[in-house]
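Have a look at this one before I ask anything.
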Amino acid sequence: MTKKRIVLAYSGGLDTSVAIGWMKEKLDVEVIAVSVDCGQGGEDLQVIRQRALDCGAVEAYVADAKDEFANDYCMPALRTNGLYEGKYPLVSALSRPLISKHLVMAAKQFGATTMAHGCTGKGNDQVRFEVSFTSLAPDLDCVSPIRDLSLQRDVSIAYAEEHHLPIETTKHNPFSIDQNVWGRAIETGFLEDLWNAPTKDVYNYTDDPAFAGIPDEVVISFEKGIPVAIDGVKMTPLQVIQEMNRRAGAQGIGRIDMVEDRLVGIKSREIYEAPGAIALITAHQALEELTLERLQLRYKRQQVEPTWSDLVYEAQWNSPLKKSLDAFVDFTQEYVTGEIRMVMHAGRAVVDGRRSEASLYDFKLATYDSGDTYNQAAARGFIEIYGMQSRLAAARDVRFGKGIELAASHL
Ligand code: ARG
């Protein structure tokens, strides 16, 4: 009888490497290891693939999803200025639905009926994987060896040594790191004490902003909310992000140290570095300031952006509400075309120039010089009506003895 097949989200690290043999033993299954390249850099993915086979996988498959991640996940996040709790550019939250999609495709291709991931029971990523699997293929089962089959860290290390698995278990990395082209997330270790400052070795995408080099001026061209060129050189979204990671990273831009609210109710300390994402969001916001109509801009900033970010963080990438908000954002980006100039230096990207054919800024209305077209006389009547309710409320306060105290106490 043929064995049941499981598709495993494989990172190449200790836990998922051991999980291959562990699931084979405990569940009597065949394991297909799938790695998805979202631009994480680091180890060569062919080396990772071979390791999965050496650890006992029947098939190992590496998907190059870098452009897909940049185009279909990072660009919507940029157009929405997606920042969870106002700060975190959703690095891991964006990649999980894409990784899930490639895992589900592999499951169909290799005839697997169950999905597996290496998450613990404490984080957001388990929820993102499993909700994504459900929304893409409701018929598939899911198992987490660490959470459901008691594969704890010490068990993993002992198992790897006993079975002579081709993974270096001695070199203990104190952090849990997840990275892709949109940024890098670092947690656990000594950072769990909220009073401990991150040490230099925590960072990899950014140089220390305290030792700033010479300022770097950059011009980013956008078309409908998508960056299409840097300093006049046309680029794909992936190339734009990579180039901005390099240049903004060299200026120490995009370091974030925060306590965030996880979906499972835990508050946790997180360090992120996302130089390209933060610099691009800064530029994109600046272009929206001159191209979006006031009410549309306010509604997007106050309602749509935080809600979209919460939904993406909370594993709702494929949900109807998130898709509806995508349609809203899409409509708003029609005129977000133009150029933003920024100076990047010492940890900050500061916008100092903007231009757009679709701008709503009207020099003749804004100028204080002569020759303006604004009808100042009309302001008087506008204010009389606009201030009506303030006048009524103030008069009522006076009637009830609650008027604003105007006696000058120092006289
Ligand atoms: N806290 C972040 C999030 O939920 C980052 C998670 C990173 N994952 C990891 N295994 N280190 O999106």
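If you're wondering where the values come from, they're calculated on a predicted model, not measured in any experiment. For the single chain, residues carry numbers from 1 onward in sequence order. Ligands are counted one by one from 1 in listed order, and the atoms in each one are counted from 1 as well.
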**Request:** Measure the spacing between CG of Asp148 and CE of Met23 and express it to the nearest 0.5 Å.
**Result:**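 One gets 11.0 Å once the value is rounded to the nearest 0.5 Å.
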**Asked** With His117, which of Arg147, Gln126, Glu130 fulfils side chain to side chain donor-acceptor pair (under 3.5 Å)?
**Response**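 Checked Arg147, Gln126, Glu130 against His117; only one passes side chain to side chain donor-acceptor pair (under 3.5 Å): Glu130.
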**Asked** Looking at Tyr272, which atoms of ligand 1 are within less than 4.0 Å of one of its heavy atoms?
**Response**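 Answer, ordered by atom number: 1 (N), 2 (C), 5 (C).
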**Asked** Going by an N to O cut-off under 4.0 Å, is there a salt bridge joining Arg269 and Asp257?
**Response**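 Yes, Arg269 and Asp257 are salt-bridged.
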**Request:** Would you confirm whether Lys24, through its side chain, and Gly56, through its main-chain N or O, come within 3.5 Å as a donor-acceptor pair?
**Result:**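 Yes, Lys24 side chain to Gly56 backbone: donor-acceptor pair under 3.5 Å.
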**Request:** Could you list the atoms of ligand 1 found under 4.0 angstrom from a heavy atom of Asn124?
**Result:**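 With Asn124 as reference, the close atoms of ligand 1 come out as 3 (C), 4 (O).
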**Prompt:** Near Ser176, which atoms of ligand 1 are under 4.0 Å from a heavy atom of that residue?
**Reply:**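 Ligand 1 atoms under the 4.0 Å threshold to Ser176: 9 (C), 10 (N), 11 (N).
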**Numbering as shown, the atoms of ligand 1 that approach Glu187 to under 4.0 Å (heavy-atom distance)** =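 Atoms satisfying the 4.0 Å criterion: 1 (N), 9 (C), 11 (N).
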**Straight-line distance of Asp207 CG to Ile253 CD1, nearest 0.5 Å** =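 Rounded to the nearest 0.5 Å, the CG-CD1 separation comes out at 11.0 Å.
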**Request:** Answer yes or no: is there an ion pair linking Lys101 with Asp72, defined by an N-O contact shorter than 4.0 Å?
**Result:**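 No, no charged N to carboxylate O under 4.0 Å.
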**Prompt:** Relative to the heavy atoms of Asp125, which atoms of ligand 1 are at a distance of less than 4.0 Å?
**Reply:**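 Answer for ligand 1: 6 (C), 7 (C), 8 (N), 9 (C), 10 (N).
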**Asked** Would Glu43 and Arg51 pass as an ion pair if we require N to O under 4.0 Å?
**Response**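 Between Arg51 and Glu43 there is a salt bridge, with a charged N closer than 4.0 Å to a carboxylate O.
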**Prompt:** Which atoms from ligand 1 have a heavy atom of Glu270 less than 4.0 Å away?
**Reply:**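 By the 4.0 Å cutoff, the relevant atoms are 1 (N), 2 (C), 5 (C).
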**Item:** Sub-4.0 Å atoms of ligand 1 with respect to non-hydrogen atoms of Arg128
**Value:**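 That gives atoms 3 (C), 4 (O), 12 (O) of ligand 1.
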**Request:** With heavy atoms of Glu260 as the reference, note each atom of ligand 1 found under 4.0 Å away.
**Result:**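 The atoms of ligand 1 under 4.0 Å from a heavy atom of Glu260 are 1 (N), 2 (C), 3 (C), 4 (O).
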**Request:** Please write down residue, atom name and distance for the protein heavy atom closest to atom 7 (C) of ligand 1.
**Result:**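 Sorting protein heavy atoms by distance from atom 7 (C) of ligand 1 puts Ser92 OG, 3.3 Å first.
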**Asked** In the protein, what heavy atom is nearest to atom 12 (O) of ligand 1, and what distance, to one decimal place, separates them?
**Response**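 Ranked first by proximity to atom 12 (O) of ligand 1 is Tyr88 OH, 2.6 Å.
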